[in-house]
Amino acid sequence: MQVYKFGGASIKNVEGIKNVIQIIQSYGAKNLLVVVSAMDKTTDRLQELAFAHINGNEHKHQLLEDVKNFHFDIIGKLFTDTNNPVYNDVANTFVEIEWLLEEDAADTADYLYDQIVAVGELVSSKIIAAYLNQQGTFCVWQDARNYIQTDNNYREANVQWDKTTKEIQKHLPTYLAQGVVLTQGFIGATSENFTATLGREGSDYSAAIFSAALDAEKMTIWKDVPGVLNADPKWFDETEKIPQLSYRDAIELTYYGATVIHPKTIKPIQNKSIPLYVRSFIHPQEAGTEISSEATTIPIASFIFKVNQVLLSISPKDFSFIIEENLSHIFAIFHKNKVKVNTMLNSAISFSVSVDDDERKIANLISDLSEDFKVKYNKEMELVTIRYYNQETIDRVTVNKKVWLEVKSRNTCQIVMKNATNP
Ligand code: ASP
Ligand code: MG
């Protein structure tokens with residue numbers, strides 16, 4: 001059996017959905033698990049709705065109307081028979097948020113957020129499953145929350161692997177033998193049966209969880225790019241597709257911020273040696289990128305850009321050296337504030353890190369650090385990570401830049417820099 005994952009961009013409108021259906025149908029009539037995200041930018045819109053509800057903003061009702069209209073417009077075009085149960089099914093799914101919006105936002109923000117945003121995946125999967133059935137492919141819709149079991153760390157829930165694997169193995173093989181099974185990415189449920197999400201863009205990770213539990217022969221992520229590219233086309237005019245990647249390199253690239261695959265995706269499938277393919281839903285006949293243990297990475301230099309970085313320089317107030325004790329104290333403060341370190345370098349008396357500029361988090365972090373350390377910081381930095389770098393690639397990205405920090409390992413170079421004209 002195989003697992004296919006389709007993201008929001010592939011199902012953003014009626015043509016997109018019809019194209020996805022063709023890709024599914026050309027696989028065959030059974031032994032395929034399909035994981036879908038919310039359609040287009042629905043999660044962004046639901047996120048706005050969740051924040052409006054949490055902040056008591058009445059604008060929330062209009063936001064929900066917009067999300068509903070977007071989906072019912074698509075349903076109207078796909079199902080000419082208005083008696084098709086999908087009309088009621090989707091309407092009922094929205095009623096659950098309507099109830100929630102009627103109440104005061106008394107629960108914790110992260111909990112409310114998850115109950116609201118999960119609806120995007122629930123409705124997209126219901127529409128696509130119904131459409132597959134209408135188009136003659138027997139499709140079994142399954143609620144991912146019956147399978148993906150999590151803790152209650154809402155918005156970034158951790159998967160309880162044992163329970164999850166058991167549920168998947170117990171029920172899904174029977175359905176897979178009968179037809180195409182279609183479920184949602186991104187969502188799971190806590191032991192108390194509340195919806196929890198796995199973090200933004202987490203549908204890839206969901207597909208990997210199902211693949212690992214089912215020992216899939218392959219997993220394929222269908223994207224709007226031809227495969228894993230050596231740079232985001234947003235930053236580079238000339239990009240190259242990497243035809244083959246080892247798991248190791250794929251983990252490194254996604255860890256440093258390549259957004260083509262969610263970083264948590266690789267590990268579960270690597271543990272089971274399941275090859276992962278990244279392919280284009282626009283050109284489904286093309287090979288894409290293969291990520292596997294056999295694959296030897298062709299060392300094409302890859303570039304990963306992160307803007308809006310803050311470079312922090314932290315030194316002990318008492319002029320002690322940066323030793324284990326200070327480091328563990330510093331890391332504990334980062335952990336407490338949930339700030340992820342993008343790159344770091346330490347010298348005898350100072351420790352430098354580059355982090356994403358989330359203003360509220362960074363203000364709290366600096367205030368906590370300032371109790372024992374002297375903290376200097378610089379905003380509006382850029383971080384570029386080059387995998388398989390050489391001097392030429394470094395020179396290419398640092399034109400007109402002032403380099404503030406450079407960290408090199410054998411295969412990876414990270415540079416924190418700023419426009420030279422804008423010191
Ligand atoms: N729909 C979710 C998001 O946009 C999950 C995903 O797309 O992977 O974050
Ligand atoms: Mg998405």
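Excluded from the calculations below are hydrogen atoms, water molecules and symmetry mates; all remaining heavy atoms, backbone and side chain alike, are included. Both counts, for ligands and for their atoms, begin at 1 and track the order of listing. Quick note: residue numbers are just sequence positions, from 1.
- A salt bridge does not link Asp162 with Lys166: none of the charged nitrogens is closer than 4.0 Å to a carboxylate oxygen.
- Within 6.0 Å of the NZ atom in Lys272, the count of heavy atoms belonging to other residues, nucleotides or ligands exceeds 12.
- Side chain of Ser273 to main chain of Ile269: no donor-acceptor pair is present (N/O by atom type, distance under 3.5 Å, no hydrogens or angles).
- An N or O contact shorter than 3.5 Å is missing between Lys5 and ligand 1 by distance.
- Of all the heavy atoms of His262, none lies under 4.0 Å from any atom of ligand 1, so neither backbone nor side chain is involved.
- Contact between Gly202 and ligand 1 is present, with at least one heavy atom of the residue lying under 4.0 Å from the ligand.
- Those atoms of ligand 1 with a heavy atom of Glu121 less than 4.0 angstrom away are 1 (N), 2 (C), 5 (C).
- Salt-bridge check for Lys264 with Glu156: passed, with a basic side-chain N closer than 4.0 Å to an acidic carboxylate O.
- Results of the side chain to side chain donor-acceptor pair (under 3.5 Å) test with Gln309 over Asn378, Asp357, Asn342 single out Asn342 as the only residue that passes.
- Every atom of ligand 1 is numbered from 1 in the order shown, and the set under 4.0 Å from a heavy atom of Phe186 is 2 (C), 5 (C).
- Near Arg200, meaning under 4.0 Å from one of its heavy atoms, ligand 1 places the atoms 3 (C), 4 (O), 9 (O).
- Exactly one residue among Leu32, Leu132, Ile21 makes a side chain to side chain contact (heavy atoms under 4.5 Å, CB included) with Thr137. That residue is Leu132.
- Residue contacts with ligand 1 for Ser203 involve both N, CA, C or O and side-chain atoms from C-beta outward (heavy atoms, distance under 4.0 Å).
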